[in-house]
Amino acid sequence: HSYIQFNGFKIRGYFGAVGASGERGVAFDTDSVSTTRSNFVVGNCEITLMRSMDRDWIIEVRRSFSTITNNWLTDSYGGGFIIGGSQALVQYNTISNITGTAGYVNTCTNCDIGFNNFLDVRGTHAQGVSIYGNDSANWCVDVDFHHNKVLNFGALLTHQWSTNIYVFNNLFDAQESSGQINHWTGVKGTWYVNNTIVGNTNNNILSIGGSSSGLHHWVINNIIDGGGIQKSTGTNAVSHHNLYLSFASTWSQGTNDFNEGDTYSTNLAAIFMDPTARDWRLKEGSEAIDTGTNAATLFWAGDGVTDDLL
C-alpha cells in the first residue's frame, strides 16, 4: 500500500523478541527499500521505553517520498530512526536517551534531514547520525543535513558510501568527549558550511577522507573546536573562513595551514551566549558575526546560508 499516515500515536514499553521485526516501534518495508510503495508519513508520535535486544530501530521507513516529522523518541534501548528511498523528509523530531544510533540515513537519494534534535546517545556503536550507502553499488546521494542539534558522547556524524552531502547550519557538541565527525569508506563530495562543531578538546573533531575519485570536500564558515580538521592522505579538501577555538595535542593543521579568512580565538565568552552552560548561540558583538564568506553560491536559494559563523 501507499499513502498511509501513522499519526498521533503513543507507544510505550514494547519488548520485542530477539531478531523479530516486532522489535521495531513503527516499521514499513524493513531491510530493503520498496520500489512499489511510497508516500508514508509517521508524525506526531511519542514512542518511549522501547527495548530491542538487537539495537533495532524505533521507526523504520524505507519508502520513497515518505516523511518522519514531529516525533518524540526517547528513553529506549535501540536506535532512533532509519530512512531509505528517494526524496524522504525527516524534520522536527527529538531523539534522546537511547542506546543505538539516533538517525540512520540509508541509501537515500535527494533527502532532507532538518530541524531535529539528536541528544545524549550512548551505547556500543551508538552514533549521532549516520549517512550511509551499503556499498560501491548502493550510494547515499544528495542529502541535505541542516539546522539540527547533535549532542553525543560518541561519533557525531559519520559518512560511508555517500556523495554530495550538504551539512550546514548545525550544532555538533561532543560534550567534552572524544566525539567526532568521521568519514569512512567511499565518501566523495561533502560540504560543511556554517556549523558550530565543539566539545572535543582531545583530538581532531572533523576527520575528512575517503575521496577515491578526486571529488573535493569543502569546510567553510564553521566554528571548530579541538584538534581542528584532519585530512586523510590524498584527500582533496578546501577549507577557509573558519574560526578555531583551541589547539589540542593532536592539532594537525598548525597556524601555517590556515587559509584565507581563518582565525583562532580562546575567548569563548566573547563569542557565545554562555559556553559554560553549553549555550552556543552567538552573542551580540561576537567576532563570528559577519566574518565568514558568502557561501550561498554553494547551495540553492532558500537554504538560509549566511556569512555568519554559526
Side-chain angles (χ1 to χ4, degrees), residues 1 4-34 37-85 88-108 111-132 134 140 143 145 148-158 179:
H1 302 285
I4 293 178
Q5 293 196 20
F6 190 88
N7 187 53
F9 283 80
K10 185 173 183 178
I11 302 174
R12 178 183 176 92
Y14 187 84
F15 293 77
V18 175
S21 61
E23 294 176 10
R24 302 168 173 91
V26 182
F28 302 115
D29 286 322
T30 61
D31 301 324
S32 62
V33 174
S34 172
R37 296 177 289 271
S38 64
N39 293 277
F40 268 62
V41 177
V42 180
N44 303 299
C45 295
E46 179 182 324
I47 307 178
T48 62
L49 300 178
M50 306 295 286
R51 184 172 179 84
S52 162
M53 295 304 295
D54 287 342
R55 295 177 297 169
D56 232 322
W57 308 99
I58 298 173
I59 294 178
E60 179 166 6
V61 180
R62 297 177 184 263
R63 299 187 175 183
S64 294
F65 305 100
S66 291
T67 299
I68 300 174
T69 184
N70 201 38
N71 297 285
W72 183 270
L73 317 177
T74 186
D75 299 322
S76 295
Y77 188 98
F81 70 82
I82 183 170
I83 187 80
L89 178 63
V90 180
Q91 62 179 4
Y92 301 109
N93 300 284
T94 294
I95 300 98
S96 67
N97 298 321
I98 62 174
T99 62
T101 296
Y104 193 84
V105 183
N106 183 226
T107 59
C108 280
C111 294
D112 188 289
I113 315 297
F115 303 98
N116 301 285
N117 293 314
F118 304 97
L119 312 176
D120 200 5
V121 179
R122 308 191 192 196
T124 303
H125 205 66
Q127 302 174 3
V129 179
S130 294
I131 301 176
Y132 280 20
N134 291 336
C140 219
V143 175
F145 187 86
N148 299 289
K149 180 185 292 185
V150 183
L151 278 62
N152 195 20
F153 290 83
L156 297 165
L157 176 65
T158 57

If you compare all heavy atoms of [X] against all heavy atoms of [Y], which two are closest, and at what distance to 0.1 Å?
X	Y	answer
Gly8	Cys45	N-SG, 3.8 Å
Cys140	Ile131	SG-CG2, 3.8 Å
Asn93	Gln91	ND2-O, 3.0 Å

Heavy-atom donor-acceptor pair, [X] side chain to [Y] backbone, under 3.5 Å:
X	Y	answer
Ser66	Phe40	yes
Asn116	Asn148	no
Thr74	Ser96	yes

Rounded at 0.5 Å granularity, tell me how far OG1 in Thr158 sits from CD in Gln127. 4.0 Å

For Val90, the option from Asp112, Val129, Thr67, Ile83 that meets side chain to side chain contact (heavy atoms under 4.5 Å, CB included): Ile83

Using 30° and 60° as the class limits, which term best fits the ring planes of Phe81 and Phe118: parallel, tilted or perpendicular? tilted

Non-hydrogen side-chain atoms of [X] and [Y] separated by less than 4.5 Å:
X	Y	result
Asn134	Asn106	yes
Leu73	Ile98	no
Ile47	Asn71	no

Could you check Trp57 against Thr101 for side chain to side chain contact (heavy atoms under 4.5 Å, CB included), going step by step and ending with a plain yes or no? CA-CA 9 Å; Trp57 308 99; Thr101 296; 4.2 Å; yes

Taking the six-membered ring for Trp, is the centroid-to-centroid distance between Tyr104 and Tyr132 below 6.0 Å? yes

